Asks: 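Just dropping this structure here.
These numbers were taken from a predicted model, which means no experiment stands behind them. Reminder, nothing fancy here: chain letters follow the sequence lines and each chain counts from 1.
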Amino acid sequence: MKETITALLGDALNTLKQQGEVPDDIDPTIKVEATRDKAHGDYATNLAMMLAKPAGKNPRDLANALVAALPESAAIRQTEIAGPGFINFFAATDAMAQIVARILDAGDSFGRNLTGAGEKVQVEFVSANPTGPLHVGHGRGAAIGDSICRLLEATGHDVTREFYYNDAGAQITNLARSVQARAKGLDPEDDDWPEDGYRGDYIIDVAKSYLAGETVHADDRHVTGKTDPDDIDAIRDFAVAYLRREQDLDLKAFGVEFDVYFLESSLYEDGNVEATAKRLIDGGHTYEADGALWLRTTDFGDDKDRVMRKSDGEYTYFLPDVAYHLDKWQRGFKQVINEQGADHHSTVTRVRAGLQALETGIPDGWPDYVLHQMVLVTRSGVEVKLSKRAGSYVTLRDLIDEVGRDATRYFLAARRADSQLTFDIDLARSQSNDNPVYYIQYAHARVCSVLRKAENEGQRFDHDLAMDHLSQLTTDQEKALMNRLSRYPEVVAHAARSHEPQHVAQYLQELASDFHTCYNAVKVMVEDPSLRNARLALGLATRQVIRNGLDLLGVSAPEEM
RNA sequence: GCGCCCAUAGCUCAACCGGAUAGAGCAACGGCCUUCUAAGCCGUAGGUUGCAGGUUCAAGUCCUGCUGGGCGUGCCA
């Protein structure tokens, strides 16, 4: 619909250019928007106002000229010029009802498009180090990151989900020492407990499993415990595998799967870290000071230079970060999106600066970032800070166990990433109308219920009959619902383009609201078979769109509640 | 101190490269179940979009300066 109107306006604009009403050399992007207010028709454009200045004409006169030059179209019932120069379009009722046929025809693929043209996109998210169970912040990253992936897939991209982690650094050594301490029966209160050791109860489980010689299988590794409490290397390998498996189970429970697990250590093994360092040094972008090697990132927009090799000869995390992103680029990802917590935002400028310093033709501003702000968890209005298992934070698993996967995913993805999120456990748990997840799922279940009823009464949905009588969908509530349905593809396109899944959540809530309103106002199971089937078709179309939208958020669409 | 992010109804939030009268839900108040799931619907009330300027035909949206909050500002990741 939007495309149709855009095309019509394009023709009209060309006509005006030929008539000399509008200068040839201006070429505005024609913007057609769905209206907020029904009184303004179904779609509107501000084209006349955009043209007013360059054409040196009054916007309302231009609007008149544009309307006069508009080709005939069966899709448009009426146009009108309003306000300072908007052109409003009223869709023909028959054309509007055809959305129902289009949705049923397209099914699961309704709302999807091919604008991505198969372009390879890599999304890196979660990327938690294997030092403990995933926490709520990782959960937010997982919900947003995976939803972005689903949106990109829905818009025709070839998506790779990647998880990057460090299995060899100082934190991992710390983990190994903590497990070893537990294996030797130490307690965080004991004097010999490692400094800054991990204190959570889960460390006890790792130690027990190691001593028992168990074998753990994670998505990217399999390790058997050696049972020797003095073999720190064996403990390290085992602990990493154990916690990787733990995280995999968390992710699986959350409905998130990765294509690639990328190890920071592999960058050292493959010589990529050294090669990156050499390239930066050879390029003349480094200098020695205070016994360390610095990269002059200030030449590339950073506010201070950064240490890349410490005075003890080890590299900082910064250098492998650059090497890792160079590797992404060399793997052919022209588009890379990094979803991470905003507490790491300082790496954005740094990594980009490092990549520029490599002078390999990587565009300025690559890669893209989506940063999410902190999550605060509350219960009974009080902040929840601790989980028994992890010791110092609320785990993702706690939330999934307590409020369920659907509600957890919905709540973590339904808010803009860059605003702080309060996760209200009581609200997410409540099976009532204050919980948007249930509100949306209930709409889906209600359609299913009507369909069951039709079936039970021997009045199965008759597709052909329905398609012939869609024009009988004429009540205000039905029209509003169809209008909402027709906007779904734009919502998907916009959410995918902007990497903002919350638009889908918002839309689904509005769609559910329109449906419930319609459901209460318009009885489906009426005597007249043609009207009944047309309404069943509208219900089916609504169900389809809710299902498609929930899928983009990784939330299920139950048939009954 | 400096950098990034945020500030919208009592509360939690939305608002599509700037567009018409800023929208939902909760909480409050008043209605609707002998009728397809009341986990629902209808109605009422609630706003100087933190403050002050600026750009524009048009600003919650862009720019500048304030105020308040979060995060960062390690040779940690």
Side-chain angles (χ1 to χ4, degrees), chain A residues 29 31 33-37 39-40 44-46 49-50 52-53 58-59 82-86 88 127-129 131 165-166 169-171 196 264 290-294 302-304 306-312 314-318 320-321 341-349 371 373-374 376 414-422 424 427 430-436 438-439 441-443 445-454 456-457 487 490-491 493-495 497-498 500 502-503 505-507 509-510 512-513 515-526 535-536 539 560-561:
Chain A
T29 48
K31 199 160 115 187
E33 288 191 321
T35 55
R36 284 186 194 166
D37 188 338
H40 300 142
T45 183
N46 62 350
M49 288 180 288
M50 303 285 284
K53 192 157 245 184
N58 175 308
F86 289 101
N88 296 332
S127 291
N129 283 340
T131 55
Y165 70 96
N166 180 350
Q171 292 307 315
D196 297 325
E264 182 184 353
D290 304 327
L293 183 67
W294 297 69
D302 204 354
D303 57 352
K304 61 166 77 168
R306 305 291 170 176
V307 171
M308 53 185 262
R309 193 177 61 218
K310 301 187 266 185
S311 49
D312 67 4
E314 297 280 307
Y315 291 113
T316 63
Y317 64 89
F318 162 53
D321 262 7
D343 53 338
H344 288 190
H345 75 247
S346 63
T347 64
V348 176
T349 313
L371 303 177
Q373 293 288 336
M374 302 294 97
L376 177 74
R415 302 272 174 263
R416 284 168 59 205
D418 59 9
S419 66
Q420 291 163 49
L421 170 65
T422 300
D424 182 338
L427 176 61
S430 77
Q431 304 201 348
S432 70
N433 52 355
D434 34 338
N435 188 336
Y438 285 96
Y439 184 77
Q441 289 182 325
Y442 180 44
R446 266 186 151 174
V447 178
C448 296
S449 168
V450 177
L451 288 165
R452 279 195 299 271
K453 184 181 167 68
N456 292 340
E457 293 178 2
R487 292 178 188 188
E490 298 159 29
V491 172
H494 175 232
R497 202 183 326 121
S498 58
E500 292 177 331
Q502 85 270 8
H503 295 299
Q506 175 81 8
Y507 170 84
Q509 204 173 342
E510 290 163 352
S513 172
F515 171 75
H516 287 307
T517 296
C518 195
Y519 180 90
N520 269 64
V522 180
K523 189 165 167 67
V524 175
M525 296 305 292
V526 291
R535 287 179 174 171
L536 281 169
E560 43 192 325
M561 302 293 282

Asks: Checking only heavy atoms, does the side chain of A:Ser449 share a donor-acceptor pair with the base of B:rC36 at less than 3.5 Å?
Replies: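 Result: no qualifying N/O pair found.
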Asks: When we call it a touch if two heavy atoms are under 4.0 Å apart, what does A:His503 touch: a base, just sugar-phosphate, or nothing?
Replies: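 Sugar-phosphate, no base atom in range.
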Asks: Just jot down the ring-ring contact (aromatic ring centres under 6.0 Å, His included) partners of A:Phe515, sequence neighbours excluded, or say none.
Replies: A:Tyr519
Asks: Under the salt bridge (Lys or Arg N to Asp or Glu O under 4.0 Å) test, which residues partner A:Glu510, sequence neighbours left out?
Replies: A:Arg484
Asks: How would RNA chain B look in dot-bracket form, 5' to 3', counting Watson-Crick and G-U wobble pairs with both distances under 3.5 Å and writing | for bases paired to another strand?
Replies: (((((((..((((.....[...)))).(((((.......))))).....(((((..]....))))))))))))....
Asks: With sequence neighbours left out, write down each residue that passes salt bridge (Lys or Arg N to Asp or Glu O under 4.0 Å) with A:Arg535, or none if nothing qualifies.
Replies: A:Glu478
Asks: Under 4.0 Å between any heavy atoms, over every strand shown, what does A:Ala34 touch: base, sugar-phosphate, or nothing? Just pick one.
Replies: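 Base: the residue A:Ala34, judged by heavy atoms under 4.0 Å, touches a nucleobase.
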Asks: Within a strict 4.5 Å, meaning less than it, do heavy atoms of the A:Leu371 and A:Asp418 side chains meet?
Replies: no
Asks: I want to verify a distance call: between B:rC75, B:rU56, B:rA39, whose nearest atom is closest to the A:Lys53 side chain?
Replies: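 Of the candidates, B:rU56 comes closest.
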Asks: Taking 5.5 Å and 30° as the limits, would you call A:Phe86 and the base of B:rA20 a stacked pair?
Replies: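 Yes, the aromatic ring of A:Phe86 stacks with the base.
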Asks: Has the side chain of A:Asp343 got a donor or acceptor that lies under 3.5 Å from a partner of the other kind on the base of B:rG72?
Replies: no
Asks: Of the listed nucleotides (B:rC36, B:rC75, B:rC16), which one gets closest to any side-chain atom of A:Arg497?
Replies: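 In terms of side-chain proximity for A:Arg497, the closest of B:rC36, B:rC75, B:rC16 is B:rC16.
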Asks: Can you tell me whether the base of B:rC33 sits syn or anti, using the 90° cut around 0 to define syn?
Replies: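 It is syn.
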Asks: What's A:Lys523 touching, base or sugar-phosphate or nothing? Going by heavy atoms closer than 4.0 Å.
Replies: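 If one applies the 4.0 Å heavy-atom cut-off, A:Lys523 turns out to touch a base.
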Asks: Atom OG1 in A:Thr316, atom CZ in A:Arg306: separation rounded to 0.5 Å?
Replies: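 With rounding to 0.5 Å, OG1 (A:Thr316) is 10.0 Å from CZ (A:Arg306).
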Asks: Take nucleotides 1-11 of chain B nucleotide by nucleotide from the 5' end and write B, S or -, depending on whether a protein heavy atom sits under 4.0 Å from the base, only from the sugar-phosphate, or from neither.
Replies: --BBSSS----
Asks: Choosing from B:rA14, B:rA20, B:rA15, which nucleotide comes nearest the side chain of A:Arg415?
Replies: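 Closest nucleotide among those given: B:rA14.
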Asks: With centres under 5.5 Å and planes under 30°, do A:His40 and B:rA20 count as stacked?
Replies: yes
Asks: Starting the side chain at C-beta, find the nucleotide from B:rG40, B:rA15, B:rA20 nearest to A:Arg446.
Replies: B:rG40
Asks: Using a strict 4.0 Å threshold on nitrogen-to-oxygen distance, state whether A:Arg309 and A:Asp312 make a salt bridge.
Replies: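 Looking at A:Asp312 together with A:Arg309, the answer is no, because their closest N to O distance does not fall below 4.0 Å.
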Asks: Out of B:rC17, B:rA39, B:rA38, which has the shortest distance to the side chain of A:Tyr438?
Replies: B:rA39
Asks: For A:Ala44, answer base if it contacts any base atom (sugar-phosphate contacts may also be present), sugar-phosphate if it contacts only those atoms, and nothing otherwise; contact means non-hydrogen atoms under 4.0 Å.
Replies: base
Asks: For A:His40, enumerate each residue passing the ring-ring contact (aromatic ring centres under 6.0 Å, His included) test, keeping only those at least two apart in sequence or located in another chain.
Replies: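 Testing A:His40 for ring-ring contact (aromatic ring centres under 6.0 Å, His included), a comparison that skips the adjacent residues, returns none.
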Asks: Heavy atoms only, 4.0 Å cut-off, all strands: where does A:Glu560 land among base, sugar-phosphate and nothing?
Replies: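 Base: the residue A:Glu560, judged by heavy atoms under 4.0 Å, touches a nucleobase.
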Asks: Considering just the side-chain nitrogens and oxygens of A:Lys453, establish if one lies under 4.0 Å of OP1 or OP2 belonging to B:rU37.
Replies: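 No, no such contact exists.
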Asks: Scan A:Asn88 against the nucleic acid and name what it touches under 4.0 Å (heavy atoms): base, sugar-phosphate only, or nothing.
Replies: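 It contacts base atoms.
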